Trainee: 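Before anything else, here's the structure in question.
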Amino acid sequence: MATGRRPRTALRFAVYALAAASLSIAATAEASALVPEPPARTVPAAMSLSGAKVVAESGVHGSDLDGWISQALDIMAAQGIPGSYDAIHRNIMRESGGDPGAINLYDSNAAAGTPSKGLLQVIDPTFQAYHVAGTSWDIWDPVANITAACNYAAARYGSMDNVNSAY
């Protein structure tokens with residue numbers, strides 16, 4: 001022992017502990033990928049793609065929700081799409097709790113293979129059909145998601161201001 005080397009049992013234990021920790025991490029990652037988190041109370045049947053809790057108790061996940069809505073309203077005004085800040089904010093909080101990574105994997109849209117995504121829970125075909133020029137074609141982009149949803153709401157209901165439940 002005076003040579004400064006560890007006894008073989010200690011080295012063997014360290015190797016076993018490292019292997020067990022690696023297996024535990026891999027099993028946890030695999031299990032969390034297979035089993036979605038339970039829905040948050042404020043956003044029924046939605047979960048975050050990041051794997052984090054859907055909606056924190058305080059709502060928005062350190063995002064710039066006010067900025068996204070303001071930017072969307074500027075684009076909407078230029079395109080003649082009606083909608084108010086209050087209506088957009090109210091619907092975002094109901095649909096996603098302000099999480100731009102929210103996705104609904106539990107409803108009929110998801111069962112049909114087109115889950116609702118983003119701040120206003122838009123499905124891909126609706127996003128593509130009501131995409132607003134000057135915004136990203138990425139459904140996860142908060143401003144593109146808001147403007148496409150508001151464009152759809154305007155065509156179907158006259159304005160996002162007339163939407164008070166799932167649409």
Side-chain angles (χ1 to χ4, degrees), residues 25 27-77 79 81-167:
I25 291 169
T28 301
E30 184 176 329
S32 66
L34 296 175
V35 180
E37 293 182 21
R41 288 182 295 199
T42 55
V43 184
M47 64 177 278
S48 174
L49 286 179
S50 66
K53 200 167 186 170
V54 180
V55 178
E57 292 294 320
S58 63
V60 179
H61 295 261
S63 66
D64 184 16
L65 184 59
D66 291 333
W68 295 329
I69 295 172
S70 295
Q71 187 178 355
L73 284 167
D74 289 344
I75 294 168
M76 290 164 54
Q79 299 285 335
I81 302 168
S84 69
Y85 177 94
D86 290 339
I88 295 169
H89 188 270
R90 178 184 71 245
N91 282 287
I92 286 173
M93 296 314 291
R94 184 189 64 252
E95 294 291 336
S96 69
D99 181 0
I103 183 169
N104 186 326
L105 299 174
Y106 305 100
D107 69 0
S108 59
N109 289 320
T114 56
S116 304
K117 301 174 182 175
L119 288 172
L120 282 165
Q121 294 294 281
V122 181
I123 61 173
D124 289 323
T126 301
F127 179 80
Q128 292 162 3
Y130 290 92
H131 173 263
V132 177
T135 64
S136 168
W137 279 95
D138 179 3
I139 195 169
W140 299 106
D141 179 275
V143 174
N145 190 279
I146 293 168
T147 56
C150 288
N151 195 19
Y152 168 76
R156 177 120 187 203
Y157 306 105
S159 171
M160 185 60 81
D161 293 87
N162 299 327
V163 176
N164 295 306
S165 63
Y167 57 106

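Bear in mind the structure is a predicted one, so any value in this text is a computation, not a measurement.
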Trainee: What do the steps show when you test R156 against T126 for side chain to side chain contact (heavy atoms under 4.5 Å, CB included), and what is the final call?
Mentor: CA-CA 12 Å; R156 177 120 187 203; T126 301; over 6 Å; no
Trainee: For residues V132 and M76, determine if any side-chain heavy atom of one lies less than 4.5 Å from a side-chain heavy atom of the other.
Mentor: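 When only atoms from C-beta onward are counted, M76 and V132 do not touch, as no gap falls below 4.5 Å.
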Trainee: Parallel, tilted or perpendicular for H131 and W137, by the 30°/60° rule?
Mentor: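 Geometry flag for W137 against H131: parallel rings.
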Trainee: Side chain of N109, backbone of S116: donor and acceptor closer than 3.5 Å?
Mentor: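 Flag not set: sc N109 to bb S116 has no pair under 3.5 Å.
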Trainee: Drop me the distance from D74's CG to I69's CD1, to the nearest 0.5 angstrom.
Mentor: 12.0 Å
Trainee: Identify the heavy atoms of V122 and A149 that sit nearest to each other, and give their distance.
Mentor: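 Distance-wise, the nearest heavy atoms are CG2-CB, 3.7 Å.
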Trainee: Is there a donor-acceptor pair under 3.5 Å between the side chain of Q121 and the backbone N or O of A102?
Mentor: yes
Trainee: Looking only at heavy atoms, which two atoms of P82 and G158 are closest? And how far apart?
Mentor: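 Heavy-atom minimum between the residues: CG-O, 3.3 Å.
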Trainee: Ignoring hydrogens and angles, tell me if any N or O in the side chain of N151 forms a donor-acceptor pair with the backbone of T147 under 3.5 Å.
Mentor: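 Checked: no pair found.
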Trainee: Hey, what do you get for CD1 (I92) to CG (D99), rounding to the nearest 0.5 Å?
Mentor: 11.5 Å
Trainee: Mind listing the closest non-hydrogen atom pair of M160 and R90 along with its distance?
Mentor: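 Looking at all heavy atoms of both residues, the closest pair is O-NH2, 3.9 Å.
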Trainee: Which heavy atom of L120 sits nearest a heavy atom of N145, and at what distance?
Mentor: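 Scanning both residues completely, I find the closest heavy atoms to be N-OD1, 2.9 Å.
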Trainee: Would you name the heavy atoms of T114 and I123 that are closest together and state the gap between them?
Mentor: O-CG2, 3.2 Å
Trainee: To check you understand the geometry: which heavy-atom pair defines the closest contact between S136 and A144, and what is its length?
Mentor: O-CB, 3.2 Å
Trainee: Roughly how far, to the nearest 0.5 Å, is the CD1 atom of I88 from the CG atom of D66?
Mentor: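 Here the rounded value is 11.5 Å.
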Trainee: Compare all side-chain heavy atoms of L119 with those of P100 and state whether any distance is below 4.5 angstrom.
Mentor: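 Yes, at least one pair of side-chain atoms sits under 4.5 Å.
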Trainee: Find the distance between OG (S96) and CG (L65) and round it off to the nearest 0.5 Å.
Mentor: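 Going from OG on S96 over to CG on L65, the span is 7.5 Å.
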Trainee: Which one of D107, D124, D138 satisfies the salt bridge (charged side-chain N to carboxylate O under 4.0 Å, His left out) criterion with K117?
Mentor: D124
Trainee: Could you go through the side chain to side chain contact (heavy atoms under 4.5 Å, CB included) check for Q71 and I146 one step at a time?
Mentor: CA-CA 10 Å; Q71 187 178 355; I146 293 168; over 6 Å; no
